[in-house]
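The chain is numbered in sequence order, starting from 1. Note that ligands are numbered from 1 as they come in the structure, with each ligand's atoms numbered from 1 the same way. Quantities reported herein were computed from a predicted structural model and do not represent experimental measurements.
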Amino acid sequence: MPSPTLVNSVTTGVETAAARALRWGFGQALPQFAMRTAARRGDLHGRLVLASNGPDMPLELFEEIRAAGAMHRSKFAMVTASLPVVKEVLNSHDVRSGVDFNGTGAVGTLQSWAFDRAPLGPLTPPSLLVTEPPEHTRYRKLVTRVFSVRAVQRLRGRTEEIAASLLDDLAARADSPVDLVHDYCALLPVTVIAEILGVPLSERDRVLGFGMAAAPSLDLGLTWRRFRRVDQALLGFDQWLGEHLASVRRNPGDDLLSQMVLARDYDGNGLSDNELKSTAGLVLAAGFETTVNLLSNGIALLMQNPDQLRRLQAEPDLWPNAVDEVLRVDPPVLLTGRTVVRDTEVAGQPVPRGAIITTLLAAANRDPEVFTEPNRFDVTRENAAEHVAFSSGRHYCLGAALARMEGEVGLRTIFDRFPELQLLEGAERRSTRILRGWEVLPASLKA
Ligand code: HEM
């Protein structure tokens, strides 16, 4: 007779596999099928989901959506490319963050069963990204206190040291081509965030591996194989983080994770284990998964616009503005979604409860009503910082100050150190849809 432990682990394995298959069906395959069908009939939102799969920003489609109105009603969702309307939606208290295609009755029950078994992820409650007040306010206050702007300013010197040491490693191999994404853009943010959080350097590659494998978790329409890989990476990350936090709890230091473990709100309440894991996991993953793209997008844009690079080399004070212009023209996050929680109005139009609104951050950043010649990359643009690459409202990126500082240090340092840098053939964009950046940027460091 099989032992009870064996029976238990087989049952758990079967349950995990069944829940995963259902999550893929409900969350990926069905919406993808519906979007494809709609796209074939010309639906703009359906076409957007398919087009964002490609390497290039779907600029023509952005303009079609813009021309269709400030708030276009497609078959599945309302979609906006207007910067003021994107801000109106993201600042509204009539919407909640996140989007789900919840069914009712038996289907709804099955969906809840499967999604309740989802591994920790950026879009799984209690992640900050998908919670709303009062919980969101409580989590955010605890982390914001720990993640202060002063702390970011203190990190500038250390970030410069890390960038310099990574570039020393590159210089040692300057005779042959290097991949700037793998050898620099990915390593700078993960090293900085790991240091802030107190994750030992020896764990850096592991954390980077989880992050890279889990990045498509924000996308819709993953194949079963890819979904399974992502799900497994999230599970691995969940497990690793649980063990790491337990050791931090036993032995707190003066890093941010220790402070989060010890943080209490005014009522003396801290974060529960699950809340802590979710918040710490999001900060850790968001801390490098997006900034790697800011760096690679910035390098590519500056190489494509040598006049702008020369301007920066002549006037280094322009670097902070240049970083905002990179974020405006090629933002690392394409879009975000909201669900309407009560009948309301947006852009003067009635919007019913339950409607889904897609705010196209990348298209809003090119709103011609706000930015003159929006498709021009101009490091001197006066209102570059009006972009919504970091979103807006209560979910505004917690790490915006850190990302801007890393972007500035990371980009300025590499171009100062290697003024002859040239990109080589073989550059590839990442295959993720929501997170946009380069997978590979081969380069020669010497002319
Ligand atoms: C260029 C780099 C970055 C970009 C473009 C970016 C972008 C964003 C965006 C668009 C959102 C909001 C999504 C929404 O409204 O649905 C967000 C939220 C968030 N970001 Fe960032 N991010 C970056 C870097 C960072 C860094 C370095 C951290 C590390 C602390 C971070 C931590 C977070 C967190 C914790 C949230 C959730 C905030 C909330 O929901 O209250 N991000 N980010």
Answer yes or no: does an N/O atom from [X] fall short of 3.5 Å to an N/O atom of ligand 1?
| X | answer |
| --- | --- |
| H395 | yes |
| L294 | no |
| E406 | no |

Could you check [atom] against the protein and tell me its nearest heavy-atom contact, residue, atom and distance included?
| atom | value |
| --- | --- |
| atom 29 (C) of ligand 1 | G287 CA, 3.6 Å |
| atom 30 (C) of ligand 1 | F147 CZ, 3.1 Å |
| atom 16 (O) of ligand 1 | T336 OG1, 2.6 Å |
| atom 13 (C) of ligand 1 | L129 CD2, 3.7 Å |
| atom 10 (C) of ligand 1 | A389 O, 3.4 Å |
| atom 38 (C) of ligand 1 | R140 NH1, 3.3 Å |

Under 4.0 Å from ligand 1, counting heavy atoms only, is it the side chain of R394, its backbone, both or neither?
backbone
Between R338 and ligand 1, which residue portion shows a heavy-atom distance shorter than 4.0 Å: side chain, backbone, both, or neither?
side chain
Numbered atoms and elements of ligand 1 in range of [X], under 4.0 angstrom, heavy atoms:
| X | value |
| --- | --- |
| H136 | 39 (C), 40 (O), 41 (O) |
| L128 | 35 (C), 39 (C), 40 (O) |
| V283 | 29 (C), 30 (C) |

Tell me whether the NZ or CZ atom of R328 lies within the 45° cone about the ring axis of F371 and under 6.0 Å from its centre.
yes
Under a heavy-atom criterion of less than 4.0 Å, does P332 contact ligand 1?
yes
To the nearest 0.5 angstrom, please state how far the CG atom of N297 sits from the CG atom of D330.
3.5 Å
Euclidean distance, I299 CD1 relative to F415 CZ, rounded to 0.5 Å:
5.5 Å
Classify the side-chain pair [X]/[Y] by whether it contains a donor and acceptor separated by less than 3.5 Å.
| X | Y | value |
| --- | --- | --- |
| T290 | N293 | no |
| S272 | N274 | no |
| N375 | R366 | yes |
| T279 | R140 | no |
| S97 | E132 | yes |

The salt bridge (charged side-chain N to carboxylate O under 4.0 Å, His left out) partners of R338 (sequence neighbours excluded) come to none
Which residues pass the salt bridge (charged side-chain N to carboxylate O under 4.0 Å, His left out) test with R433, sequence neighbours left out?
none
Near atom 21 (Fe) of ligand 1 (protein N/O/S, cut-off 2.8 Å, waters excluded) we have C397 SG
Measure from the ring center of H72 to the ring center of H45 and say whether it is less than 6.0 Å.
no
For R156, is there an ion pair with E406 - N to carboxylate O distance below 4.0 angstrom?
no
With a 3.5 Å cut-off and sequence neighbours excluded, list the donor-acceptor pairs that the side chains of residues 188-198 form with protein atoms.
from, atom 1, to, atom 2, distance (Å)
T191, OG1, L187, O, 2.5
T191, OG1, R204, NH1, 3.0
E195, OE1, R158, NE, 2.9
E195, OE2, R158, NE, 3.1
E195, OE2, R158, NH2, 2.6

